[in-house]
Amino acid sequence: QLQLVESGGGLVQPGGSLRLSCAVSGFTLAYYAIGWFRHAPGREREGISCINKRDGSTYSADAVKGRFTISRDNAKNTVYLQMNSLKPEDTAVYYCAAGMSDYLHQSEYDYWGQGTQVIVSS
């Protein structure tokens, strides 16, 4: 059974850092692109960052570029999202997803985790 499980969310002060993990099972991570998305109250779900399956190249949305870094460890079947310089507007439920997209086209991601809450507040 294909499964993605996010962890690492929590409460952090503005300017702080968190590292989210996305542990996958039931499929080989190297065969899929993995994306991180977030959904804040009152806003549509948006794509943040993704890493492709071919060469590990990454793409990040402008809102997080320079602050968030996506990486993958195929041996551990885990993808990470390192989030630095966090802002209150980063508060959201963060999801990882697996699919064939090289970018953040949500319709091209077939498998989704349950999400992990991130709250940035003083």
Contact check, side chains of Ile51 and Tyr32, non-hydrogen atoms, under 4.5 Å: no
Other residues, nucleotides, ligands: >12 heavy atoms within 6.0 Å of Lys65 NZ: yes
Spacing of Gln3 atom CD and Ser25 atom OG [to the nearest 0.5 Å]: 4.5 Å
Tyr94-Phe37 aromatic ring centre distance below 6.0 Å: no
Listed partners of Glu108 passing side chain to side chain donor-acceptor pair (under 3.5 Å), at least two apart: Ser101
Distance (rounded to the nearest 0.5 Å) between Gln114 CD and Leu4 CG: 10.0 Å
Stacked cation flag Arg45 on Trp112, 6.0 angstrom / 45 deg: yes
Joint hydrophobic cluster, Tyr59 plus Ile48, side-chain heavy atoms closer than 4.5 Å: no
Gln117: side chain to side chain donor-acceptor pair (under 3.5 Å) partners, not counting sequence neighbours: none
Whichever hydrophobic residues join Leu11 through chains of side-chain contacts under 4.5 Å: Ile119
With sequence neighbours excluded, residues passing side chain to side chain donor-acceptor pair (under 3.5 Å) with Asn77: none
Smallest separation among heavy atoms of Gly9 and Thr116, with atom names: N-OG1, 3.2 Å
Closest non-hydrogen atom pair, Arg72 against Asn74: NE-OD1, 3.0 Å
In one Ile/Leu/Val/Met/Phe/Trp/Tyr side-chain cluster, 4.5 Å: Val93, Tyr109: yes
From CA spacing to verdict: side chain to side chain contact (heavy atoms under 4.5 Å, CB included), Trp36, Leu104: CA-CA 8 Å; Trp36 282 97; Leu104 293 168; over 6 Å; no
Lys53 side chain reached by Leu29 side chain, heavy atoms, under 4.5 Å: no
Working for side chain to side chain contact (heavy atoms under 4.5 Å, CB included), residues Val24 and Val79: CA-CA 8 Å; Val24 307; Val79 175; 5.6 Å; no
Heavy-atom pair of closest approach, residues Asp90 and Arg67: OD2-NH1, 2.7 Å
Worked verdict on Phe68 versus Leu81 for side chain to side chain contact (heavy atoms under 4.5 Å, CB included): CA-CA 7 Å; Phe68 292 9; Leu81 184 69; 4.2 Å; yes
Nearest heavy-atom neighbours spanning Ile34 and Ile70: O-CD1, 3.8 Å
Under 3.5 Å: donor-acceptor pair, side chain of Glu6, backbone of Cys22: no
Any residue meeting salt bridge (Lys or Arg N to Asp or Glu O under 4.0 Å) with Asp55, in chain and number order, not counting sequence neighbours: none
Short side-chain to backbone donor-acceptor contact, Thr91 and Val120, under 3.5 Å: yes
Ser17-Asn84 side chain donor-acceptor pair, cut-off 3.5 Å: yes
Nearest-0.5 Å distance, CD of residue Gln82 to OG of residue Ser49: 12.0 Å
Heavy-atom pair with the smallest gap, counting every atom of Ala33 and Met100: CB-C, 4.4 Å
Partners passing side chain to side chain donor-acceptor pair (under 3.5 Å) against Tyr95 (at least two apart in sequence or in another chain): none
Smallest separation among heavy atoms of Glu46 and Arg38, with atom names: OE2-NE, 2.6 Å
